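Excluded from the calculations below are hydrogen atoms, water molecules and symmetry mates; all remaining heavy atoms, backbone and side chain alike, are included. The structure displayed is predicted, hence computed values, not measured ones. Chain letters run A, B, ... following the sequence lines, proteins first, then strands; residues in each count from 1.
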Amino acid sequence: MSQQKRSLAVDLGGLVLPTPVLIAAGCAGTGRELVGLVELRRVGGIVTRTITVDARPGAAPPRIAESPSGIVWRTGLANPGIDAFIATELPTWIKAGPPLVVSIGGGTLEEYVRLTGALQGQPGVHAVEIDLSGPDDELQRPMLGAHVDRVSEIVGAVARMSLVPVFAKVPGGLDVVPIALAAARAGASCLTLTGSPPAFVLDATSRTAVPGPATGWLSGPAVKPLMLRALIDVARALPRMPLLASGGIATAADAIDALLAGASAVQVGVAAMIDPTAPVTIARGIVEELQRRSLISPMQLRGLAIAAPPEARPS
Amino acid sequence: MSQQKRSLAVDLGGLVLPTPVLIAAGCAGTGRELVGLVELRRVGGIVTRTITVDARPGAAPPRIAESPSGIVWRTGLANPGIDAFIATELPTWIKAGPPLVVSIGGGTLEEYVRLTGALQGQPGVHAVEIDLSGPDDELQRPMLGAHVDRVSEIVGAVARMSLVPVFAKVPGGLDVVPIALAAARAGASCLTLTGSPPAFVLDATSRTAVPGPATGWLSGPAVKPLMLRALIDVARALPRMPLLASGGIATAADAIDALLAGASAVQVGVAAMIDPTAPVTIARGIVEELQRRSLISPMQLRGLAIAAPPEARPS
Amino acid sequence: MKRVRAEILSTRTLGAYRSLTLVAPELAERARPGQFVAVAMPTDRDFILRRHLTIHQSSRRGGWAGTLEFVVDPTAGPGTAWLSELRAHELLDTIGPLGKPFAYPKRLTNCLLVGEGRSVAGLYFLAQELLARGKRVDMVIGGATMEAVFKPIEAKRLSQLVTVMTDDGTLGERGSIIEALPEAVQRCGAEVVYAAGRPAVLRAVATLCRTRKIPAQVAVEERMGCGYGLCGTCAVPMALKDGSGWDHARACVDGPVFNPARILWDRWPAAAAGADPNPDGVRGAS
Amino acid sequence: MKRVRAEILSTRTLGAYRSLTLVAPELAERARPGQFVAVAMPTDRDFILRRHLTIHQSSRRGGWAGTLEFVVDPTAGPGTAWLSELRAHELLDTIGPLGKPFAYPKRLTNCLLVGEGRSVAGLYFLAQELLARGKRVDMVIGGATMEAVFKPIEAKRLSQLVTVMTDDGTLGERGSIIEALPEAVQRCGAEVVYAAGRPAVLRAVATLCRTRKIPAQVAVEERMGCGYGLCGTCAVPMALKDGSGWDHARACVDGPVFNPARILWDRWPAAAAGADPNPDGVRGAS
Ligand SMILES: Cc1cc2nc3c(=O)[nH]c(=O)nc-3n(C[C@H](O)[C@H](O)[C@H](O)COP(=O)(O)OP(=O)(O)OC[C@H]3O[C@@H](n4cnc5c(N)ncnc54)[C@H](O)[C@@H]3O)c2cc1C
Ligand SMILES: Cc1cc2nc3c(=O)[nH]c(=O)nc-3n(C[C@H](O)[C@H](O)[C@H](O)COP(=O)(O)OP(=O)(O)OC[C@H]3O[C@@H](n4cnc5c(N)ncnc54)[C@H](O)[C@@H]3O)c2cc1C
Ligand SMILES: Cc1cc2nc3c(=O)[nH]c(=O)nc-3n(C[C@H](O)[C@H](O)[C@H](O)COP(=O)(O)O)c2cc1C
Ligand SMILES: Cc1cc2nc3c(=O)[nH]c(=O)nc-3n(C[C@H](O)[C@H](O)[C@H](O)COP(=O)(O)O)c2cc1C
Ligand code: FES
Ligand code: FES
């Protein structure tokens, strides 16, 4: 009889989760809505929508449009602000059950520091995920996380302060490695790969600027190959860094691809919006894959597809 | 009776094309294959696959895999080298008929200069498109076109030498505007937006590294919202620069979206591979849209969706 | 709210529309007028979100007990086109009933129901429930053409007075339901107005009812990513109840039925003056 | 090469496979063994490329004149699954015939045809043409199980000697067709070998034929983006004819039939020693 039992548990830089399938930031509601739609104790973890220092009403509607195998969305980080979040939403989340990761976002170093400070010592907050996709209000750049200098500064400040593990959500892009290296060196316990890429779509019926072209971010299956590429590139550059895949994961096969490409766990966004049981179905599919391969932990799948020596950069 | 007749002709920085629908680089064969598959005289133009100084056998197979509403490909710029191209392929292309744009690529400034020199004065070459997606052999960077310094240098050198209009194919990414500005200032007559983003996909059946994970580039409908976003961002920054849309255009509606978002013309890649008549069908659909709107030229559609004042950057 | 794999009992064409009736006792039992269901699309398509469909009928008793009916415009897009081609016995992954329903008036009696195209479908369910509560029902309905007016005979059966408007005058009067509103409110002695549909119609109802001091409820159809409160994409700008400012409500869980007096129409681009979400005339069959 | 909207005349299940017969006179007239067609997928799916299908039968004369048949493995993936559910009278956007066909031997007589799973389908078309030219045909065919061996009775009808191999021994001998090759070549006195299928099989044929100095032709199935020479994705590494080096040939226009002696197997990862494109046993039904 084997001493070692099969377990889905994974370690993300100090945070141990019961399964490697989380719900991604902005796709899990406010703590109340998932009850009854999915067995919450079987969900590996929840990332909240991004919380900012002050309340934000968010973007005007429409906030969503479809594109081929994807959606373009812009919520404008609608959220009640950190104080209201801690007072009202956090308790609901804690009651809901799964390990909670609070996503924080801002446009200045000070805002990140204040957010981290406010969450300091809050029970039930298992980790902090830093959303780096917003504009940089200090340096007047369109995206904070596109620049090594600011990523180092902000991730560094949050990581030094935080008592819980810090996940840095690295924006996608042509080459994520320098940003990923900066976040890792600054002290992130885990990297979430990747933030959604900027996108635009015209209304399918009117094809005009009425009610307004949807400038936003692309999510869903369409981005899966971009996410996987970011994953293998970073996994090769940082073989020991825990990586969290986010982008286009809808099925167990997608999740297994991400693990094989170097992820320790995955986040499910749009797929959970469409089917709230997806995180549980995917976790079950990973168990089946482990059985099929006679493995006992998802960590054993990690990076198998890139174990081979790196190929030459394609051109 | 109106003096002005409806015409699909468009002007791309000095090059007048009969229709605003070209076939994108790498998706039109070697000059011979399209004969019989599409009425070539109704195709707005052809961009050749990227030609390098020396012959390249290209990447090992498999070179293609599917992803949700897209494909991941890597040809490794297989091509016979510029001399063989001029000797054998160019005459075939000229016989085929449509205006020809030769795509050139390399890893050093010298290579781009030699390629431009070799094409100098070759009859039948209507424009040159600079592929900037390859690695930078001089500065040892993974992608030449991701950096303003090199884009300025290379586009500048080619534009100064070339007797025909120069199109710069700008890589996609988090923010294409700085690169686009650099290419425009360096003398490009037109910008092609965008090069395909780097991608990776595992084999759907084996999910292993056998026969080898497909590291490559993402093309097809999946990338359309990324292309449209690059287009509006650049169209707002450079309102008078002719822009050529490339990425995910498969139908007349897609092409019209691109024109409304600021393009002067579009390139069709994967869609032409699947349906070689697509460039003609799309051009016909544009005519119908012009009729419906009582317009006489596709140039009148240009940028209509972004005529409204720029929205605040979403976050 | 339940999630079921519901079998299609029957389908039929109704003018420009297609109706689907599902066997879904768990949903039918709970469904109330104004609520909707969210139906999953097949997994191999290039459109991925659930489609949201207003409940047209939900039978708790009688021969149709345990069934639930919705109506789609087959020309709207790929999702409704797919739904329109389904046949009896196929299964639909359905979540519902979703959202807050219309509230019934306690004291007031005269109810005017306003909508156009397929948006009327949910109002007929409401009319039945109002009639069962002894209320008087009148209607203003419309569409681009005769075919686009949803079940005009049913409207007649359910109401005292019906005003029908079509863009081309092929049924009822020529014109939009917005134009017909003031007179209808007057004629019916409307004490409560219920409306469903595009923002321009709802805004017209809101303006009129504010002027005439008539309470109203409107069901919005803002675009939704999920339908059950997860994604925050279904935003409708609303004045806060305590008067302290404004925020976006979520149409799926806070609505789709709202008090129009609280909606901030100028912050809702689709409802802004002159905005027509279907400038290309597609409203025709919607 | 023609592009047609071909009507499906009939479909049938053959063991683990599904066969579709199209009415396509313009294609059938020109089709020769080893060639293939490229069939478009529906436009609203999340898989977008044409599917490439070897021509199994093409009838120029007789009752089936003007028809063309291909065979799919319904379990391979979404495209073949979709094809497998089509019925008579539906239309398929089909381009073909594509690629270079097998060449018939002029002087030599004894032909050995080698393949497994559905890859055998094209070899039966070849067998008929060889028989019509007075050649002797022998076969080595196989599959994972009995059901995965394609039309074994047809193989018997067309050939003098047939060796059948299955992974589980449910039909013929237990083992792979690769193991059966040397003896079959010997027994049949093979003067020409034709093979179709996965690179490992083709490589085994190449190695054996080089040793025994027997001419061979192999049909590859490298993944294709288009099928007619536009995209350059269907690469097969080949020695140049003039001996000056090597390059990638395009399987769709330079092949799919190649002289295996010119293929550089070590540059073809799928054919590299030990490489099995279907390590998870999916070869079962392919
Ligand atoms: C609460 C609610 C109830 C609804 N009830 C019904 C119903 O009973 N019957 C029905 O047919 N449809 C209903 N809809 C709308 C329906 O969900 C959309 O029409 C649906 O997305 C169309 O799907 P499609 O795939 O056919 O077209 P899509 O491609 O999704 O949409 C086609 C075009 O319709 C427009 N559109 C999409 N969604 C909306 C929306 N929510 N509001 C306004 N315009 C939109 C856009 O211009 C889009 O380009 C409802 C929507 C909501 C939010
Ligand atoms: C010249 C040629 C002739 C062919 N003839 C036939 C035929 O007669 N009948 C038939 O069923 N199929 C044939 N194929 C293969 C067929 O085109 C693929 O099986 C098809 O892509 C499967 O499509 P799918 O959507 O079902 O699965 P996909 O999702 O496209 O493929 C499923 C899995 O099959 C594998 N695969 C895909 N394409 C190929 C390929 N070309 N070679 C090897 N493995 C592949 C991959 O592992 C992939 O993940 C042929 C291919 C070529 C190039
Ligand atoms: C409606 C919606 C809201 C989102 N909100 C946030 C957010 O507040 N913060 C954040 O970091 N990511 C946000 N995301 C991005 C997701 O967390 C995820 O990274 C992305 O959608 C890609 O994964 P997917 O394809 O599984 O959805 C949001 C995505 C969607 C669709
Ligand atoms: C098979 C293939 C080969 C390509 N080869 C080249 C190339 O040689 N040079 C280049 O600049 N782009 C190349 N591209 C990119 C296309 O030109 C085009 O920019 C991209 O595919 C996006 O457009 P699409 O979605 O219409 O295909 C290639 C694309 C494909 C699919
Ligand atoms: S539609 Fe997702 S929260 Fe309302
Ligand atoms: S498949 Fe496109 S060139 Fe062969």
Are B:D149 and B:R141 within salt-bridge range, i.e. N to O under 4.0 Å?
yes
Inspect the contact between B:R292 and B:E288 and indicate whether a charged nitrogen and a carboxylate oxygen are less than 4.0 angstrom apart.
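Salt bridge absent between B:E288 and B:R292.
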How would you list, by chain and number, every residue that makes a side chain to side chain donor-acceptor pair (under 3.5 Å) with A:S69, sequence neighbours excluded?
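Per chain and number, A:S69 pairs via side chain to side chain donor-acceptor pair (under 3.5 Å) with B:S69.
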With respect to chain B, which residue among A:P68, A:A222, A:G58 yields the maximal number of heavy-atom pairs within a distance under 4.5 Å?
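Ranked by heavy-atom pairs under 4.5 Å with chain B, first place is A:P68.
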Less than 4.5 Å to any heavy atom of chain A: does that hold for the side chain of B:L218, its backbone, both, or neither?
side chain
When B:A59, B:G195, B:G70, B:G172 are compared by non-hydrogen pairs under 4.5 Å with chain A, the top option
B:G172
Is it the case that the side chains of B:D131 and B:S103 hold a donor-acceptor pair, with the cut-off being a distance below 3.5 Å and no angle test?
no
